[in-house]
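Let me begin by presenting the structure, written as structure tokens, before commenting on it.
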Amino acid sequence: MNFKKIEKKWQRIWKQKGIYKTKDKVRGKNNFYHLVMFPYPSGNLHIGHWYNFAPADVFSRFKRMSGFNVLSPIGFDAFGLPAENAAIKHGIHPKDWTYKNIKAMTVQLESMGNMYDWSRKIITADLEYYKWTQWMFLQFYKNGLAYKKNAPANWCPKCHTVLANEQVVNGQCERCEAQVVKREIEQWLFKITDYAGKLLKDLDGLDWPEKTKTMQKNWIGKSEGVEIKFKIQNSSRQNKFDADLAESVNVFTTRLDTIFGCTYLVISPENQMIENLKLRIENYDEIIKYVKQAKKKSDLQRTDLAKEKTGIELKGIRAVNPFNNEEISIYAADYVLGHYGTGAVMAVPAHDERDWEFAKKYNLPVKITICPNYPAPVCPVLEEAYTGNGHLINSGEFNGLISQEAREKMAKWLEEKKIGSRKINYKLRDWLVSRQRYWGAPIPIIYCDKCGVIPVPEKNLPVKLPNVKNYLPTEEGKSPLAHSEKFVNVKCPKCGAKAKRETDTMDTFVCSSWYYLRYTDPKNNKKFADAKKMKAWLPVDMYIGGAEHSVLHLLYARFFTKVLNDLKYLNFKEPFSALRHQGIILGPDGQKMSKSKGNIVDPDELVKNFGADAVRMHLCFMGPYDQGGLWNPTGILGIKRFLDRIFAFTQKLINDQRPTISDKNPKLEKLLHQTIKKTGEDIENFRFNTAISSLMILFNEMEKQPLLKIENWKLIIKLLSPFAPYLAEELWQQLKNKKSIHLEPWPKYNPKLIKEEEFELIIQINGKVRDKVLVSQNIAQKEAEKLILSREKIKSFIANQSIKKIIFVPNKLINIVV
RNA sequence: GCUCCUGUGGCGGAAUUGGAAUACGCGCGGCGCUUAGAACGCCGUCCCGCAAGGGUUAGAGGUUCGAGUCCUCUCAGGAGCACCA
């Protein structure tokens, strides 16, 4: 079999006939939008791409054969850091690099034989695309969802840009793994926190892997509690000037039930209170020294659990616990985070591990208020914090309540006295979208001395990314675009005076947050996509991609959809109804593939040696799709042999002069129909490996038949066609069919033929298999008992033991307990 | 530290709801074809035992007539979270 010739031939014909062009509507067929996460044009397609795209294409093809009008688009996530970093490394302009790679990767993608509708290809770095990315930014801005602020941000010193929280992994840059540092810099953010509640709640209705949902839930991090006002007590050093300032400090807690055990407060070093009470804090200078130190630390240093907590008392001021009116001291400590809750906590050392540790170190009072072994009257001496629920003691009128009740009653008490209220906090922080880099969509904002921050009018979009020579990132925290006078200097759209453009570009994740919408109408130059077309396809019915995007792309895309839904551009709230992740392919050594380790498997080489069909099919056959696994260099031979045998057998059938119609083989017919059923169900459930093994079992049987109905053989070619589209098409033509096999419907199985009339009854004695016998389906227990007890083998096993019990499982087994 | 997932032959892996463990493929061994090899075809391939039979799903216990599957503990590997009050 000359697979190279076959692949070339069909690539040409498929393109010519446009069999993969997708219409927005086909009569009698439901639309099905099947999407794979589009690739970065980072260089070459690697085996991981193949593992992502090839089995996904099997699913696409199966859906299409099953009667759906399937949209299966592809494109390139072309803007962004990785592509730009690679370009710089090779000394090539990012634009040239990116488009050169897109060209090469397109050829590689075409070789896979996927049913992509190439007429819908999108490239996020194209002017026609990023015009709409900028338009999206403007909508966010106009609706108060994009804002600029100056605050410490995650700065990657190697990539010379700020990063979103989601892009910092263990204190390192997600891409280059450099240690991220804190840097004060003006930056643009999207108010994703406004959507925290909805992003959390709507996860419930999605057909997504539970793990992914859990990860998003944890990232959003909802916690319910109360915010309480602690009054600041007048101190000896009070003077008239600061009387109005900071009369109280707000804390957030989820453990209101422990408040009688609160023996001090802790505020974060960033807390404004320190400045507000400057004149009253006796050791202000010392405090400021501590604050400066804390601010210098990176998040990673600050959150290092292994390190001892540090803190410093704000001398001269004290707070009052509203529940028992006790005066307590106030500390500043860097284990309290400035950006979460109120940036201040009530410390309950007896019932919180962190407070316990801190209290032991600074010798602060510990007061037990929760007893674990309810209703035990005496609480044990604590050796560590007791953080569980229990019944309350030392808690005034709330004594004797259990934690859950107490939280409820105490919250009411607070609200009645107007010194606190229920509050929900989220860990999620706003999405930092500006990047001080060249290769991205420019943020469409203009700064005018007179008019202030002015969004670029929509009619002036796109703000074109200039083709500058100096695109290298800079140290000073500014985009390289800042050096381009031509780009920067602009007239204010409002007053016409001299103004300056924003020079930061957008995070690549902004581009990929809406691309799935654009595929439905990729050429539209009036809107990002036509509403009718979006309605025809969206939301995405099945989305496939790597699990590494669980809290990045997938969260951002959901956020975009919700915003556009609120702005009435979309009629749905979730972009991806169903989601599946492919696993990761490791090198033969069990290590992650990398150039330095020299364990990279080159898909082009494999295609050259074994053919695209074999590569596709082997990837499907390796194991469960979401599991991935190590690459076994010889495993693909099995698939290659299988395909060769299919080819040879077809030739034999075609050349065989004898009439092949006459065969009657009910056993084989049954197996054929069982296989049609199983293959379809397995593909539907992403169990490609077992689908293929059932095809192999069927073929092994068929091959043994000297005479075979050609119509039955055609069915097996159809079953094969999603896996091996080239070979199937070639054989289909050889079997004298004019239309493409890929436009054929999936074979239907005959339910009557599948049914077994007989089955092998397993005979167990004390749970051990001792014998088996062929009996008719649905045999009754009595009949079965009679039958097996008369068998010599069983008789001898039972001998003279008495039968205690007989367990009968219909159509499976019978177990005699003696 | 916490949470979740995974552990089945020499290897990748099968095994509806608890009901024949090791399907399918790789590899290996033997034979055939061949001057020889490659390719291909056929047969064999969990362990002990001549056999009857017995044992085996990381390890130890438990529930059950019956456990790879459910429960408890231990070990190993992986993923995620990690001062969020």
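Throughout, a chain's letter reflects where its sequence line sits, starting with A, and its residues are numbered from 1.
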Expressed as a whole number of angstroms, how long is the span from [X]:[atom1] to [N]:[atom2]?
X      : N      : atom1 : atom2 : answer
A:F642 : B:rC40 : CZ    : P     : 15 Å
A:R641 : B:rC24 : CZ    : P     : 15 Å
A:I806 : B:rC65 : CD1   : P     : 15 Å
A:L813 : B:rG19 : CG    : P     : 9 Å
A:K704 : B:rC42 : NZ    : C1'   : 12 Å
A:Q651 : B:rC40 : CD    : C1'   : 16 Å
A:Q627 : B:rG13 : CD    : C1'   : 8 Å
A:K592 : B:rA79 : NZ    : C1'   : 12 Å

Scan [X] against the nucleic acid and name what it touches under 4.0 Å (heavy atoms): base, sugar-phosphate only, or nothing.
X      : result
A:N689 : sugar-phosphate
A:L637 : sugar-phosphate
A:V336 : base
A:V817 : sugar-phosphate
A:R770 : sugar-phosphate
A:D644 : nothing
A:N218 : nothing

Does the ring center of [X] lie less than 6.0 Å from the ring center of [Y]?
X      : Y      : value
A:F686 : A:F688 : yes
A:H618 : A:W50  : no
A:Y331 : A:F358 : yes
A:F723 : A:F621 : no

Of all the choices, [options], which nucleotide is nearest to the side chain of [X] once you look at every atom?
X      : options                : result
A:I807 : B:rA85, B:rC65, B:rG25 : B:rC65
A:V769 : B:rA85, B:rA20, B:rA14 : B:rA20
A:I697 : B:rA14, B:rA23, B:rG19 : B:rA23
A:K309 : B:rC83, B:rG27, B:rG25 : B:rC83
A:R645 : B:rA14, B:rG19, B:rG41 : B:rG41
A:F621 : B:rG13, B:rG78, B:rC24 : B:rC24
A:T254 : B:rA85, B:rA79, B:rG25 : B:rA85
A:K805 : B:rC65, B:rG19, B:rA85 : B:rC65

Roughly how far apart, to the nearest Å, are [N] and [M] at atom [atom1]?
N      : M      : atom1 : answer
B:rA23 : B:rA14 : P     : 13 Å
B:rG19 : B:rC26 : C1'   : 30 Å
B:rG55 : B:rC2  : P     : 39 Å
B:rG54 : B:rC71 : P     : 30 Å
B:rU69 : B:rU16 : P     : 13 Å
B:rA20 : B:rA67 : C1'   : 14 Å
B:rC42 : B:rC47 : C1'   : 27 Å
B:rU57 : B:rA76 : C1'   : 16 Å

Contact under 4.0 Å: A:S693 side-chain N or O vs B:rG13 OP1/OP2 = no
ask   = OP1 or OP2 of B:rA85 sitting under 4.0 Å from any side-chain N/O of A:Y340?
value = yes
query = Since syn is defined as within 90° of 0, does B:rG49 count as syn or as anti?
reply =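 Anti conformation here, the glycosidic angle of B:rG49 being more than 90° from 0.
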query = Is any side-chain N or O of A:K804 under 3.5 Å from a base N or O of B:rC65, one able to act as donor and the other as acceptor?
reply =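 Not at all, since no donor on one side and acceptor on the other fall under 3.5 Å apart.
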inquiry  = With hydrogens left out and only the distance checked, is there a donor-acceptor pair under 3.5 Å joining A:K678's side chain and the base of B:rU16?
reply    = no
Any-strand Watson-Crick or G-U partner of [N], both distances under 3.5 Å:
N      : answer
B:rG18 : none
B:rC4  : B:rG78
B:rG61 : B:rC71
B:rG10 : B:rC26
B:rU56 : none
B:rC50 : none
B:rC40 : B:rG32

message = Filter on side-chain hydrogen bond (donor to acceptor under 3.5 Å, both in side chains), then keep only pairs touching residues 259-268 of chain A, sequence neighbours left out; what's left?
response = A:S268-A:E270
task = With RNA chain B as reference, determine whether A:N700 or A:G338 sits nearer its 5' end, using the nearest nucleotide of each.
result =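 Whichever sits nearer the 5' end wins; that is A:N700.
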query = Closer to the 5' end of RNA chain B via nearest nucleotide, is it A:Q764 or A:G628?
reply = A:G628
inquiry  = Assess, by modelled atom type and distance only, whether the side chains of A:N700 and A:R645 contain a donor and an acceptor separated by less than 3.5 Å.
reply    =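 A pair is found: one side chain offers a donor N or O, the other an acceptor, under 3.5 Å apart.
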Derivation of the salt bridge (charged side-chain N to carboxylate O under 4.0 Å, His left out) call for A:K677 and A:E681 = CA-CA 6 Å; A:K677 182 167 186 274; A:E681 286 171 356; 3.4 Å; yes
query = Are the side chains of A:V249 and A:L265 in touch, meaning some heavy atoms are under 4.5 Å apart?
reply =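 They are in side-chain contact.
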Working for salt bridge (charged side-chain N to carboxylate O under 4.0 Å, His left out), residues A:E224 and A:R422 = CA-CA 8 Å; A:E224 293 175 65; A:R422 277 167 241 247; over 6 Å; no
